[in-house]
Amino acid sequence: MALEPVPCAIKNPVVLQVGDMKTEIGRPGVLVIDVSFPHSQTTDLQAVAFKNYYTAFLTLRVQRQSSADDGSESPSKWVTCLRNFCLMPNPHAEEGSQNYFSISRHQMLCDVDQVAAMRFILRQPSPVWLHFTIEELQLFSLCQKSPQKGFPAWLSHPSPQDQPTSLHDVSIITEIGFF
């Protein structure tokens, strides 16, 4: 089955810092990026792809739409489906700092169907890197379209007269010089 990109709104990173920003010297080590889907729709997430930019660890939380026993929708809860996923083996060195990553649903700790919103929590504990984030973020779900839709039947399925009946026929055709 084919994957297709999911349309979404990616908000600007928000810096999280404990303590007073005026008196604390140094930079914050945590960023949060929220992702929402248009028109309050949900998606059955299959994969997440992005390019790292000096982020050491990634935690991913999802808000799933849930329904109550009586069929009505109940308030959604945030669930952690990826915890401290290592993007850089050593936060103080450059290895992995600009790699591309693809995380599939099988790597998640929870079910990622009916996702209504997502939250990416990025951590960089090293003071070596002044800026960190993730770039080129894409979310993927299963393609709902038939892969052969839009193609004529003759292009998708050759007729029997177009196919050689045996390998012997193919060798005769090449010996005669048709190919």
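Everything quoted here is computed from the prediction, not taken from an experiment.
- To the nearest 0.5 Å, atom CD1 of residue I134 and atom CG of residue L58 are 6.0 Å apart.
- Between C8 and M118, every side-chain heavy-atom pair lies at or beyond the 4.5 Å cut-off.
- By the 4.5 Å heavy-atom criterion applied to side chains, L137 and F120 are counted as neighbours.
- Distance CG/L3 to OG/S141: 7.5 Å, rounded to 0.5 Å.
- Listed by first and then second residue, the salt bridge (Lys or Arg N to Asp or Glu O under 4.0 Å) pairs that reach into residues 95-106 are R105-D111, R105-D113, sequence neighbours excluded.
- Between L122 and T55 the shortest heavy-atom distance is CB-CG2, 3.7 Å.
- The two residues A93 and M88 come nearest to each other via the heavy atoms O-CE, 2.9 Å.
- Residues K11 and S36 come closest through the heavy atom pair CE-OG, 4.5 Å.
- Within the 3.5 Å criterion, the main-chain N or O of N84 finds a donor-acceptor partner in the side chain of T59.
- Note on residues 35-51: no pairs pass salt bridge (Lys or Arg N to Asp or Glu O under 4.0 Å), not counting sequence neighbours.
- Taking the side chain as every heavy atom from C-beta outward, M108 and V62 never approach each other to under 4.5 Å.
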Check your understanding: Checking side chain to side chain contact (heavy atoms under 4.5 Å, CB included) for the pair F37/V115: CA distance, chi angles, key distance, verdict?
Key -> CA-CA 9 Å; F37 302 106; V115 174; 4.0 Å; yes
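- Judged by distance alone, the side chain of W129 and the main-chain N or O of P91 form a donor-acceptor pair under 3.5 Å.
- I121 places none of its side-chain heavy atoms less than 4.5 Å from the side chain of L16.
- Across G96 and N52, no two heavy atoms sit closer than the pair O-ND2, 2.9 Å.
- Inter-residue side-chain proximity for L60 and I103 is flagged as unmet; no heavy-atom pair is nearer than 4.5 Å.
- Contact record, F132 with L31: O-CD1, 2.9 Å, taken as the closest heavy-atom pair.
- The CZ atom of F50 lies 12.0 Å from the CD1 atom of I10; values are rounded to the nearest 0.5 Å.
- Nearest heavy atom pair, residue P7 against residue P38, reads O-CD, 3.3 Å.
- For S97 (side chain) and Y53 (main-chain N/O), no donor-acceptor pair under 3.5 Å exists by modelled atom type.
- No donor-acceptor distance shorter than 3.5 angstrom exists from the side chain of R119 to the backbone of R61, with no hydrogens or angles considered.
- V48 and L109 fall into different hydrophobic clusters, where Ile, Leu, Val, Met, Phe, Trp and Tyr residues are linked whenever their side-chain heavy atoms come under 4.5 Å apart, directly or through other members.
- In the hydrophobic clustering of this structure, V128 groups with V15; members are Ile, Leu, Val, Met, Phe, Trp, Tyr whose side-chain heavy atoms approach within less than 4.5 Å, directly or through other members.
- In this structure, CD in Q114 is found 13.0 Å from CD in Q63, a value given to the nearest 0.5 Å.
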Review point. Hey, mind stepping through L139 and V35 against side chain to side chain contact (heavy atoms under 4.5 Å, CB included) and telling me if it holds?
Key: CA-CA 10 Å; L139 309 176; V35 176; 3.8 Å; yes
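- Distance SG/C86 to CZ/F101: 7.5 Å, rounded to 0.5 Å.
- Taken from CZ in F57 to CZ in R83, the straight-line distance is 14.0 Å, to the nearest 0.5 Å.
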